[in-house]
Amino acid sequence: MKNFLFVSAENDAIANCKAGGMADVVRDVPRQLAANGDQVHVVVPAYNRLHHNAYFISDLKIRIRGEESIAYLYEVKPKKDYSGIKHYVIHHPEIVEGNIAHIYNDDPEEPFFTDAVKYFIFNTAVAQAIKQNLFDHVDVIHLHDWHTSFLLFHKRYNLEYSLLKESWFVYSIHNLSLQGIRPLNGNFASVNNFFPEIGYEYEVVKDDRYDDCINLMALGIRLADRVHTVSPSYKQDILKPSQKPEFIGGESLENDLIKADQEGRLFGILNGVNYKNIRIAEKGKLYPNILRQLFKWIQEESKKYKSDILANTGEKVVCLLDNPPSFIASSVARMTEQKFYFFKRNPEAFKAILNDLAAQNGIFILLGTGEPEYEALMRDISYEHPNFIFINGQSEDIIDSIYLESDLYFMPSLFEPCGISQMLAMRNGVLCLVHHTGGLIDTVNANINGFAFDGDTIDDKINNMVLAFNNVLEVFYTDKPRWKRMCKNAKEARFSWENAVEQYYSQLYTK
């Protein structure tokens, strides 16, 4: 039996700790490992909120900024109990709640300033918890994205935590474009300010573009025993240089990734989804679930745009109760460049899709939170188009209903490391329209179990996106046998965690 420690910024196994697909992976992989008889511990930051009503485990005395500080480890109750898994959060006053999904912070003036502070402290506290043997002896430590790579810094350079060398480190890349770049010196949120006593190899930690900065994504790639991307096609993408906006590849880290690949440390394994013991939505509850959640949100003091929620989103949904649409297109995603660059680049293209839908009595439902400029864009478009329902929040009940009751799930991602949303939609027999990139290539087979678009230039891609959407509507309304056959293919597709984790054991977790 192996003992695993998963270290992450998100974990959807516990309530209110999800911003994106990484949370799903951190929820699901431990369950499969435990089903195979292994022991798993999962730890995330408390963000000054997740430790409430949790079980206190221990103080964690750490050194930051040259002084002693104390963090606190708590065990938290998950949404579902599974034998062999324990979930923890680490509380520290400076690990603050974010303004994106109550997790991450948007710092326009100094990117990653607040988050670097949070995760410097979090990683140090995790190292201390390992030193205090609070997770038992850990065989494998599985890190997720740049937020957790500083544990490898402690492993290599901090003599206080030399016992970390006894564990095998796996580093998963969920989104290569977010790299956690911060100054090495001369800034509050810098390495030298937080860890003045620790010497390090400058060439190992530095960013190749900004000589005075650390690149925390690069740190994970360079120092982990195994590096993992969440689909085979995305692995191939990131070995090539980016040519923005047409192609998003290695994002300046392709040389590090090529080196890891040549050393036999880089693997691309497709994420999975669950096909049993899943949370089942009740058919016909989409609009009631939306309205129920909207009324909860307007009672929250911190919720912005309350008048929009009532007069715009809520009023539209009420009308749908008596006049249901004949076609529902949907998306659930963070409001970011990765997910909706095509809409921001050419809003008229998205408006053309909405007009095409309106002509067929169709609606578009979009749920998500994220970057303010993308949220504002979606609100503005929703004012202009009665058939566009923008739900600016997070709700499991609404999301489950969207995956169940949509006719089309739309993923126009500029790039996609894997994508879980398309798998969840396909699990319900809902067809997807996707940009032919990354993990979407590995899951959606165009004209077999879904639809896809691509193009040589960014404008070609956007034009083809609109044409592909028109093709979807044409097939839906004029060729029902083909549509039903494709839906059957989508529902029968299998992307199981059993298969994925089997590859984890053989490729990632074995020395």
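What you see is a predicted model; the values in this text were computed from it and never measured.
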Which distance, rounded to the nearest 0.5 Å, do you find between the [atom1] of [X] and the [atom2] of [Y]?
{"X": "Glu416", "Y": "Cys418", "atom1": "CD", "atom2": "SG", "result": "7.5 Å"}
{"X": "Thr229", "Y": "Leu270", "atom1": "OG1", "atom2": "CG", "result": "9.5 Å"}
{"X": "Phe113", "Y": "Asn105", "atom1": "CZ", "atom2": "CG", "result": "10.5 Å"}
{"X": "Trp497", "Y": "Asn271", "atom1": "CH2", "atom2": "CG", "result": "4.0 Å"}
{"X": "Phe415", "Y": "Leu176", "atom1": "CZ", "atom2": "CG", "result": "8.0 Å"}
{"X": "His87", "Y": "Arg27", "atom1": "NE2", "atom2": "CZ", "result": "10.5 Å"}

Output yes when a side-chain donor or acceptor of [X] lies under 3.5 Å from a complementary backbone atom of [Y], and no otherwise.
{"X": "Trp146", "Y": "Gln179", "value": "no"}
{"X": "Asp139", "Y": "Lys2", "value": "no"}
{"X": "Ser506", "Y": "Gln503", "value": "yes"}
{"X": "Ser8", "Y": "His144", "value": "no"}
{"X": "Arg345", "Y": "Ile462", "value": "no"}
{"X": "Glu375", "Y": "Met335", "value": "no"}
{"X": "Asn185", "Y": "Asn192", "value": "no"}
{"X": "Asp207", "Y": "Asn215", "value": "no"}
{"X": "Asp115", "Y": "Tyr104", "value": "no"}
{"X": "Asp28", "Y": "Gly272", "value": "no"}

- Task: Carefully, step by step, assess Arg65 and Glu94 under the rule salt bridge (charged side-chain N to carboxylate O under 4.0 Å, His left out).
- Result: CA-CA 13 Å; Arg65 300 189 293 269; Glu94 293 181 74; 2.8 Å; yes
Can a salt bridge be assigned to the pair [X] and [Y] using a cut-off of 4.0 Å between side-chain N and carboxylate O?
{"X": "Arg63", "Y": "Glu160", "value": "no"}
{"X": "Glu251", "Y": "Arg209", "value": "no"}
{"X": "Glu396", "Y": "Lys79", "value": "yes"}
{"X": "Arg222", "Y": "Asp208", "value": "yes"}

Residues 163-170, side-chain donor-acceptor partners within the protein, below 3.5 Å, at least two apart:
from   : atom 1 : to     : atom 2 : distance (Å)
Lys165 : NZ     : Lys155 : O      : 2.6
Ser167 : OG     : Val138 : O      : 2.7
Trp168 : NE1    : Leu508 : O      : 2.8

Taking atom [atom1] of [X] as the centre, report whether more than 12 heavy atoms of other residues, nucleotides or ligands fall under 6.0 Å from it.
{"X": "Tyr210", "atom1": "OH", "result": "no"}
{"X": "Gln243", "atom1": "CD", "result": "no"}
{"X": "Lys344", "atom1": "NZ", "result": "no"}
{"X": "Gln132", "atom1": "CD", "result": "yes"}
{"X": "Lys86", "atom1": "NZ", "result": "no"}

- Partner of Tyr161 under side chain to side chain donor-acceptor pair (under 3.5 Å), chosen from Lys131, Gln128, His154, Arg156: Gln128
- Query: If you measure only the distance, is there a donor-acceptor pair under 3.5 Å linking the side chains of Ser421 and Tyr403?
  - Reply: yes
- Compare all side-chain heavy atoms of Ile258 with those of Gln262 and state whether any distance is below 4.5 angstrom. yes
- Let me know which of Tyr504, Tyr509, Tyr171 forms a ring-ring contact (aromatic ring centres under 6.0 Å, His included) with His228. Tyr504
